[in-house]
Amino acid sequence: MLKLNDISYSIEGRPLIENASAVIPSGHKVGVVGRNGTGKTTLFRLIRGELSLEGGSISMPRGARIGGVSQEVPGNEVSLIDTVLAADVERAALLVEAETATDPGRIAEIQTRLSDIDAWSAEGRASSILRGLGFEPEKQSMPCSAFSGGWRMRVALAAVLFSQPDLLLLDEPTNYLDLEGALWLETYLTRYPHTVLIVSHDRALLNRSVGAILHLEDRKLTLYRGGYDAFAETRAARLAGAESENRKIEARRAHLQSFVDRFRAKASKAVQAQSRLKMIEKLKPISTPQEAALRRFTFPEPEELSPPIIATEGVSIGYDETTILSRLNLRIDQDDRIALLGKNGEGKSTLSKFLAGRLDAQKGQITRANKLRVGYFAQHQVDELFIDETPLEHIRRLRPDEGQGKLRARLGGFGIGAEQAETVVGRLSGGQKARLSLMLATLDAPHLLILDEPTNHLDIESREALVVALTAYTGAVILVSHDLHLLSHVADRLWLVSNGQVSPFERDLEAYRNMLLDRDRPEKPKEPAKPKRTPQTVIQELKSEVRKCEQRTEKLQEMHATLSERLANPRIYDEENREKRDLWQGKFTEVEAALERSEALWMAAVEKLEAATKAR
């Protein structure tokens with residue numbers, strides 16, 4: 001059980017968390033939500049002990065292991081599979097010790113513990129996690145250095161999932177996953193055997209994988225039962241109730257004030273007027289959670305073009321001599337809303353670059369509408385912003401003839417206020433940078449808007465605003481996203497990018513999700529037909545079992561004799577040998593019980609052999 005008791009923490013004198021409390025029962029899966037900047041990541045650092053509390057306490061079971069995705073992404077020559085296996089520190093240490101241990105008692109302890117933690121199936125489990133996160137078996141033996149930063153983050157995630165800490169802390173884990181990886185993680189977390197706290201703005205993940213929502217708002221923590229939709233409904237009802245009470249209070253305040261205003265000057269009513277003034281002072285508004293600031297997106301509207309705006313016939317695309325996609329016969333109209341589905345590496349980004357005009361066709365014919373303007377947003381573009389320039393300077397470079405007011409209005413249309421407009425990009429949050437990149441991508445009122453993972457770094461309110469803006473947008477939209485909520489509310493056509501082809505996916509997103517989950521679900525191996533056993537075969541098997549039992553019993557008898565000899569030494573009972581004596585006595589008790597069980601199994605095996613021999 002994780003207990004946060006009246007905790008407080010400030011940054012540069014500004015209270016971030018103040019007298020906040022919550023209790024998370026062991027084994028529960030909890031989503032942590034709140035506006036960007038409210039302190040969710042700071043809360044995780046407090047739980048891990050990386051920051052010191054200013055007040056209150058955090059407690060959990062003694063010896064409990066806390067794990068999260070490492071910020072230092074592996075980039076060495078160690079293979080992916082070995083990197084993940086090494087994350088289970090206990091298993092790795094036991095395997096090393098098993099090679100050198102000579103004490104029979106310690107050898108028995110090591111083997112027992114390795115069995116308890118299922119060490120022998122570890123490689124299979126690690127491989128399964130890596131595969132779920134997008135690494136096919138042939139890639140798992142490659143060194144970490146062969147992969148980009150985003151893929152290495154997946155390795156770091158795989159490592160912490162494999163180590164199975166008692167408290168798993170995940171901070172926006174889907175930001176570096178594709179749709180397939182996000183769906184796999186949803187399923188994995190529902191089966192995770194320990195406590196999970198996950199900061200996420202992914203509504204689908206928060207609805208399917210957690211049983212409670214921990215809301216950080218107004219420097220307080222509130223725990224709600226159920227997934228995100230249940231939380232949103234409960235909170236909306238609470239807000240409505242608080243607003244209703246506040247309206248009643250304001251009406252009462254106005255009534256009392258009118259009396260004071262009418263009779264304050266009259267001596268005969270002075271006492272009553274003063275009494276009502278005191279009543280007004282006691283009328284405090286019901287505290288309501290702070291609402292998110294307006295988080296809008298205002299896309300400029302393009303003029304209408306004659307359809308189609310893009311058409312391809314027999315097109316192949318790729319890089320240099322390598323073809324990624326071929327035989328593309330596609331048509332895009334201005335009212336299309338298309339989601340690109342498919343595993344990472346199949347060519348979704350390549351297709352996006354081609355449609356955006358950033359990649360030429362290797363062969364085939366492409367027709368684009370006259371005056372077609374395309375807006376393109378990809379994750380890497382956020383990193384290409386000039387960190388030492390302000391948003392105002394970014395847009396002024398592209399619109400040098402526009403006045404200051406017009407430029408600020410454009411920024412305001414994407415939720416970038418006056419203060420952020422003059423803050424250098426290097427000091428903006430990830431969400432503010434994403435908004436700036438989206439604004440720059442749509443500056444020319446594109447007829448086709450291509451968005452590759454646009455929701456990374458955006459909080460839930462911002463994602464909802466993006467859904468609204470894209471729904472109202474009068475241009476075509478092509479989406480690549482792991483956010484099922486965004487896809488389901490915006491896209492009305494699905495294209496599957498797979499095996500070098502692009503084809504319509506005629507079913508819906510839920511069907512695609514189920515298809516992926518069924519594909520990743522391991523098939524139950526068929527049990528081979530058991531060969532018919534002859535009486536002689538049965539007797540040979542029973543003889544083998546008797547020999548095994550006999551050997552096991554002899555080994556335990558040797559261990560029993562060794563420990564008996566040590567405990568028979570009078571010096572072991574001296575006070576300075578107390579710890580050693582307690583250890584050996586504990587081992588003696590364990591070996592004695594094991595020897596008793598082994599002898600019973602040996603006798604049972606002998607009796608079975610005798611019965612089979614007589615029956616032959």
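Here the structure is a predicted model, which means the values were calculated and not measured. Along the sequence shown, the residues carry numbers beginning at 1.
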For the backbone of [Y] and the side chain of [X], can you confirm whether one donor and one acceptor N or O come within less than 3.5 Å of each other?
{"X": "K220", "Y": "E18", "value": "yes"}
{"X": "R225", "Y": "A230", "value": "no"}
{"X": "R463", "Y": "H201", "value": "yes"}
{"X": "K139", "Y": "L130", "value": "no"}
{"X": "S79", "Y": "D82", "value": "yes"}
{"X": "N499", "Y": "Q501", "value": "no"}
{"X": "T562", "Y": "E558", "value": "yes"}
{"X": "K348", "Y": "G342", "value": "yes"}

Worked check of salt bridge (Lys or Arg N to Asp or Glu O under 4.0 Å) between D171 and K40: CA-CA 9 Å; D171 194 347; K40 301 184 294 295; over 6 Å; no

Going by the side chain to side chain contact (heavy atoms under 4.5 Å, CB included) test, name the single residue among I47, L223, V23, I17 that passes it with L4.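 Among I47, L223, V23, I17, the one that satisfies the side chain to side chain contact (heavy atoms under 4.5 Å, CB included) with L4 is I47.
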
Can you name the one residue among L189, V69, I66 that meets side chain to side chain contact (heavy atoms under 4.5 Å, CB included) with L168?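 Checked L189, V69, I66 against L168; only one passes side chain to side chain contact (heavy atoms under 4.5 Å, CB included): L189.
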
Scan D459, D483, D229 and name whichever one has a salt bridge (Lys or Arg N to Asp or Glu O under 4.0 Å) with R203.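 Testing each of D459, D483, D229 against R203, the sole residue satisfying salt bridge (Lys or Arg N to Asp or Glu O under 4.0 Å) is D229.
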
Taking the side chain as everything from C-beta on, heavy atoms only, tell me whether [X] gets closer than 4.5 Å to [Y].
{"X": "I129", "Y": "L133", "answer": "yes"}
{"X": "S209", "Y": "K29", "answer": "no"}
{"X": "L484", "Y": "L183", "answer": "yes"}
{"X": "F147", "Y": "V155", "answer": "no"}
{"X": "I58", "Y": "I7", "answer": "yes"}
{"X": "L340", "Y": "S352", "answer": "yes"}
{"X": "M60", "Y": "T195", "answer": "no"}
{"X": "N5", "Y": "S59", "answer": "no"}

List the atom of [X], the atom of [Y], and the distance in Å for their closest heavy-atom pair.
{"X": "N207", "Y": "G227", "answer": "OD1-C, 3.8 Å"}
{"X": "I198", "Y": "P173", "answer": "CD1-CG, 3.7 Å"}
{"X": "L161", "Y": "Y192", "answer": "O-CE1, 4.2 Å"}
{"X": "R152", "Y": "S145", "answer": "NH2-O, 3.5 Å"}
{"X": "G67", "Y": "P165", "answer": "N-CB, 3.5 Å"}
{"X": "A126", "Y": "V84", "answer": "CB-CG1, 3.7 Å"}

Euclidean distance, [Y] [atom2] relative to [X] [atom1], rounded to 0.5 Å:
{"X": "E346", "Y": "D178", "atom1": "CD", "atom2": "CG", "value": "10.5 Å"}
{"X": "N344", "Y": "L177", "atom1": "CG", "atom2": "CG", "value": "9.5 Å"}
{"X": "D6", "Y": "N19", "atom1": "CG", "atom2": "CG", "value": "4.5 Å"}
{"X": "R513", "Y": "M515", "atom1": "CZ", "atom2": "CE", "value": "13.0 Å"}
{"X": "S141", "Y": "I81", "atom1": "OG", "atom2": "CD1", "value": "9.5 Å"}
{"X": "T174", "Y": "E172", "atom1": "OG1", "atom2": "CD", "value": "6.0 Å"}

Can you list everything that forms a ring-ring contact (aromatic ring centres under 6.0 Å, His included) with F231? Sequence neighbours excluded, please.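 So F231 forms a ring-ring contact (aromatic ring centres under 6.0 Å, His included) with H215, Y224, Y228.
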
Does H485 have any ring-ring contact (aromatic ring centres under 6.0 Å, His included) partners at least two apart in sequence or in another chain, and if so, which?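 H485 satisfies ring-ring contact (aromatic ring centres under 6.0 Å, His included) with H489 only.
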
Going by atom types alone, do [X] and [Y] pair a side-chain donor with an acceptor below 3.5 Å?
{"X": "S8", "Y": "E54", "answer": "no"}
{"X": "S349", "Y": "D452", "answer": "yes"}
{"X": "E453", "Y": "Y176", "answer": "no"}
{"X": "E217", "Y": "T222", "answer": "no"}

How far apart are the C-alpha atoms of Y512 and R507, what are their side-chain angles, what is the distance that settles it, and do they pass the side chain to side chain contact (heavy atoms under 4.5 Å, CB included) test? CA-CA 7 Å; Y512 181 69; R507 291 176 290 169; over 6 Å; no

Please determine if E510 and R208 form a salt bridge, counting it only when a charged side-chain N lies under 4.0 Å from a carboxylate O.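 Judged by the 4.0 Å cut-off on N to carboxylate O distance, E510 and R208 do form a salt bridge.
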
Sidechain N-carboxylate O distance under 4.0 Å for E550, R547: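 No, this pair does not count.
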
Given E123 and Q140, is the side chain to side chain contact (heavy atoms under 4.5 Å, CB included) satisfied, shown in steps? CA-CA 11 Å; E123 189 162 340; Q140 296 177 13; over 6 Å; no

Please lay out, stage by stage, how T350 and Y319 fare under the test side-chain hydrogen bond (donor to acceptor under 3.5 Å, both in side chains). CA-CA 9 Å; T350 300; Y319 305 93; 3.0 Å; yes

Verdict with supporting geometry, L221 and L43, side chain to side chain contact (heavy atoms under 4.5 Å, CB included): CA-CA 10 Å; L221 291 167; L43 176 64; 4.2 Å; yes

Set of residues satisfying side chain to side chain donor-acceptor pair (under 3.5 Å) with respect to S488, sequence neighbours excluded: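 With sequence neighbours excluded, S488 shows a side chain to side chain donor-acceptor pair (under 3.5 Å) to no residue whatsoever.
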
For L494 and L496: C-alpha separation, side-chain torsions, deciding distance, then whether side chain to side chain contact (heavy atoms under 4.5 Å, CB included) applies. CA-CA 7 Å; L494 306 176; L496 180 60; over 6 Å; no

